[in-house]
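Basis for what follows: all heavy atoms, side chains included, without hydrogens, waters or symmetry-related copies. In the text below, chain A, chain B and the rest are named by the order of the sequence lines, each starting its count at 1.
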Amino acid sequence: MKAHEVIRAALADAAARLEVSLSPSAVELERPRDPAHGDVATNLALTLAKALKQKPRAVAERLVATVQLPQGLVRRIEIAGPGFINFFLAEAQLAGVLGVVLAGGDRYGRSEVGQGRPVNVEFVSANPTGPLHVGHGRQAALGDAIASLLEWTGWRVTREFYYNDGGGQIINLARSVQARIQELRGRPVALPEGGYHGEYIRDIAEHYVAAHPNDPEGADLDAVRRFAVQELRKEQDADLHAFGVKFDVYFLESSLYATSKVEETMRRLVAAGHTYEKDGALWLRTTDFGDDKDRVMRKRAEKGGDYTYFLPDVAYHVDKWERGFTRAINVQGADHHSTVTRVRIGLQALEMGIAPGYPEYVLHQMVTVMKGGAEMKISKRAGSYMTVRELVDEVGRDAVRYFFLMRRGDSHLVFDVDLAKSQTEENPVFYVQMAHARMSGIFRVAGREPASVPPEGADLGTLTQPEETELLKELADFPNLVAGAAAALEPHRVTSYLEGVARAAHAWYHKYRVLGEPQEAARLVLAAAVRRVLANGLHLLGISAPDRM
RNA sequence: GCGCCAGUAGCUCAGCUGGAUAGAGCGUCGGCCUCCGGAGCCGAAGGUCGUGGGUUCGAAUCCCGCCUGGCGCACCA
């Protein structure tokens with residue numbers, strides 16, 4: 001908000017006169033929880049105390065004496081506690097946010113810190129060996145929301161899905177399908193060790209036979225493999241579509257072999273001098289870079305002589321880097337966290353100037369699904385697990401996305417199916433959407449469009465009830481909140497925020513009437529702005545903002 | 001054994017990157033319907049922030065030890 005920037009600059013200026021130079025962006029402003037502490041507060045005096053070798057309160061007094069603010073911005077300044085400086089904004093300033101919100105429209109909350117720089121966000125990246133399960137769902141919601149947050153803060157985002165369509169798991173898949181084809185021919189065969197038991201394997205087998213009359217036995221393993229991968233990719237795409245996630249790039253592991261990038265990466269690693277041969281295998285000396293043991297890059301002949309997953313992973317990230325993504329974020333389940341250091345080390349060992357922290361990782365913990373008070377057990381091997389699509393079909397896309405986003409990725413997530421389905425206030429997504437619907441309802445009854453209430457036509461000075469100032473402050477927070485959530489890669493901050501706005505909106509709505517009151521014009525503006533911020537926050541997370549429910 | 005993550009109200013979780021008296025929802029208890037949607041709102045009770053040290057003006061937040069739980073520790077991905 002504008003007032004914040006003015007205060008920030010004025011404080012930086014005042015600090016300069018105390019012979020401490022700092023940029024305005026280094027001045028921390030916060031919104032005190034307690035309204036008695038003003039509308040805006042800074043801890044600047046506390047942070048400067050050490051450098052100036054003075055008591056924080058003394059620094060605060062000098063800052064307050066020195067700071068120069070334009071007339072009409074602030075009605076009072078206080079020094080409180082250990083040395084906080086609290087600013088009480090003039091009423092007109094607070095309501096000024098309404099004009100900003102409505103002028104911003106569906107862009108209110110955006111900022112430009114990213115400056116149009118490119119960033120690659122990779123997520124889901126499920127192997128094409130089965131349908132997407134709830135863990136992938138969490139990842140899809142998280143990755144999509146993080147990508148969205150980055151877009152909102154001015155980054156040029158590419159959403160990318162990486163398919164491991166090579167490697168042992170795929171062979172496993174093909175053999176599993178082959179076994180089911182034999183079964184269809186009336187010759188039951190045991191599934192290969194570590195094979196896939198899911199019912200969907202039988203479906204693929206049937207489809208293969210129907211599509212390949214010239215290979216009823218499924219003898220052509222390569223054809224079976226290609227067919228199975230294609231079928232499962234189609235399924236996964238349908239799942240993602242149902243979830244409303246769109247990717248810009250689908251990157252196939254097999255393409256890294258086709259373009260010789262895996263070999264090239266290996267050659268570069270050998271040339272950089274961090275490799276050695278032992279027991280017939282080729283190793284990378286990752287211990288040189290802090291790993292606890294060295295890693296195999298190419299298996300020995302008895303194990304097939306091919307590459308481990310590690311090398312294509314490194315090659316893939318070299319490719320990202322060479323495509324111009326100086327920033328890359330990978331969203332993965334925490335069960336894959338061991339790959340983090342390995343991939344980074346692989347990139348460092350190439351000595352090609354890639355930043356040590358590249359790529360960034362957002363790791364999320366597991367999901368447990370609760371239904372009817374009982375945990376739904378997930379067993380991938382037995383093929384019994386809840387898929388994303390089943391979840392979406394049962395509780396709806398909005399609820400699934402919201403529930404996956406409302407917790408920090410770091411903590412385990414309990415998905416309560418019954419709660420997600422309930423149409424009551426206990427359900428947070430319902431609660432937030434309801435607040436939006438209520439604001440819309442006011443305009444429906446008034447027979448007006450929310451866009452038809454320009455703030456210029458209203459006396460916003462009449463918005464003086466405590467519930468109204470609370471709402472104004474919440475609305476003013478939105479851009480800052482989005483920026484913080486984007487910087488931390490933490491979408492759950494947005495859901496927390498939305499619940500706060502919804503709570504304030506419900507409280508206000510219940511206590512005061514809008515239509516037919518003397519303050520009607522101003523309150524309509526407030527309702528329009530609240531509706532706008534709720535809609536922007538929900539849309540940012542990929543959730544709809546219904547006008548009625 | 002080693003590594004990563006978590007431990008905050010009875011339950012599920014926030015806590016804005018070190019700030020003021022630690023917050024919200026559910027649950028419990030008590031209130032509120034001639035109303036723009038009661039599918040809602042208001043209030044109360046409820047805390048040794050796992051634990052022991054340390055860092056400093058100030059710690060749920062940063063550092064070290066320990067306890068508990070989850071996940072990982074392949075020439076699988």
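As judged by a 4.0 angstrom heavy-atom cut-off over every strand, His336(A) is placed among the base-contacting residues. Among the heavy atoms of the strands lying under 4.0 Å from Ala488(A) is at least one base atom, whether or not backbone atoms are also near. Among the protein residues, Tyr497(A) comes within range of no part of the nucleic acid, since none of its heavy atoms lies under 4.0 Å from any strand. Here Lys293(A) lies in heavy-atom contact (under 4.0 Å) with sugar-phosphate atoms only. Note on Tyr162(A): nothing from the nucleic acid sits closer than 4.0 angstrom, heavy atoms only. In this structure, Met297(A) reaches neither bases nor backbone, as no heavy-atom distance under 4.0 Å exists between it and the strands shown. Counting any heavy atom pair closer than 4.0 Å across all strands shown, Val296(A) reaches a base atom.
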Could you run down nucleotides 20-30 of chain B 5' to 3' and tag each one B, S or - for protein heavy-atom contact under 4.0 Å?
-> B--SSSSS---
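Atom C1' of nucleotide C4(B) and atom CD of Gln332(A) are separated by 13 Å, given to the nearest angstrom. Protein atom CD of Gln519(A) is 15 Å distant from nucleotide atom C1' of C36(B), rounded to whole Å. Following rounding to the nearest Å, Tyr257(A) (OH) and A77(B) (C1') show an atom-to-atom distance of 11 Å. Whole-Å rounding puts the Glu490(A) CD to A6(B) P distance at 10 Å. Atoms CG (Asp291(A)) and C1' (A74(B)) sit 13 Å apart, rounded to a whole Å. The CZ atom of Phe310(A) sits 14 Å away from the P atom of C76(B) (whole-angstrom rounding). At whole-Å resolution of the value, CG in Asn43(A) and P in G58(B) are 16 Å apart. The CZ atom of Arg438(A) sits 14 Å away from the P atom of C35(B) (whole-angstrom rounding).
Side chain of Arg401(A) to backbone of Ala145(A): no donor-acceptor contact under 3.5 angstrom is found.
Taken from OG1 in Thr265(A) to CG in Leu256(A), the straight-line distance is 8.0 Å, to the nearest 0.5 Å. Taken to the nearest 0.5 Å, the CG atom of Leu284(A) stands 9.0 Å off from the CG atom of Asp291(A). Atom CG of residue Asp477(A) and atom NE2 of residue His4(A) lie 7.0 Å apart, to the nearest 0.5 angstrom.
For His506(A) and Tyr431(A), the ring centers are positioned less than 6.0 Å apart. The six-membered or imidazole ring of His274(A) lies near that of Phe289(A), with a centre-to-centre distance under 6.0 Å.
Because its NZ or CZ atom is both nearer than 6.0 Å to the ring centre of Tyr163(A) and within 45° of the ring axis, Arg233(A) counts as a cation-pi partner of that residue.
Between Asn480(A) and Leu363(A), the residue whose closest nucleotide on RNA chain B is further toward the 5' end is Leu363(A). The residue among Thr47(A) and Val514(A) whose nearest nucleotide of RNA chain B is located toward the 5' end is Thr47(A).
Relative to the side chain of Tyr309(A), the nucleotides C57(B), A77(B), C36(B) differ in distance, and A77(B) lies closest.
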For RNA chain B, what string of dots and brackets results from 5' to 3' when Watson-Crick and G-U pairs need both distances under 3.5 Å, crossing pairs get [ ], and pairs with another strand get |?
-> (((((((..((((.....[...)))).(((((.......))))).....(((((..]....))))))))))))....
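With hydrogens and angles left out, the side-chain atoms of Tyr162(A) and Asn330(A) include no donor and acceptor closer than 3.5 Å.
The same atom, P, is picked in C67(B) and in G52(B); the two are 15 Å apart, to the nearest Å. Comparing A44(B) with C26(B), their P atoms are spaced 15 Å from each other, to the whole Å.
Taking 3.5 Å as the limit, the base of C75(B) and the side chain of Arg300(A) contain a donor-acceptor pair of atoms between them.
Looking at Asp39(A) and Lys473(A), a side-chain N of the basic residue comes within less than 4.0 Å of a carboxylate O on the acidic one, giving a salt bridge. The pair Glu449(A)-Arg531(A) does not count as a salt bridge, with every side-chain nitrogen at least 4.0 angstrom from each carboxylate oxygen. Comment: Lys320(A) engages Glu122(A) in a salt bridge, judged by a side-chain N to carboxylate O separation of less than 4.0 angstrom.
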For Ile79(A) and Glu61(A), what are the C-alpha separation, side-chain angles and deciding distance, and is it a side-chain contact (heavy atoms from CB on, under 4.5 Å)?
-> CA-CA 7 Å; Ile79(A) 297 169; Glu61(A) 276 164 34; 3.5 Å; yes
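A glycosidic torsion no more than 90° from 0 defines the syn conformation; U34(B) lies beyond that range and is anti. Base orientation for C33(B): syn, the chi torsion being within 90° of 0.
Annotation: Arg8(A), atom CZ; neighbour count of heavy atoms from other residues, nucleotides and ligands within 6.0 Å is above 12.
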Please write out the pairs of protein N or O atoms and N or O atoms of nucleotides 11-13 of chain B separated by less than 3.5 Å, giving the distance to one decimal.
residue : atom : partner   : partner atom : Å
U12(B)  : O2'  : Arg407(A) : NH2          : 2.9
C13(B)  : OP1  : His412(A) : O            : 3.3
C13(B)  : O2'  : Arg407(A) : NH1          : 2.9

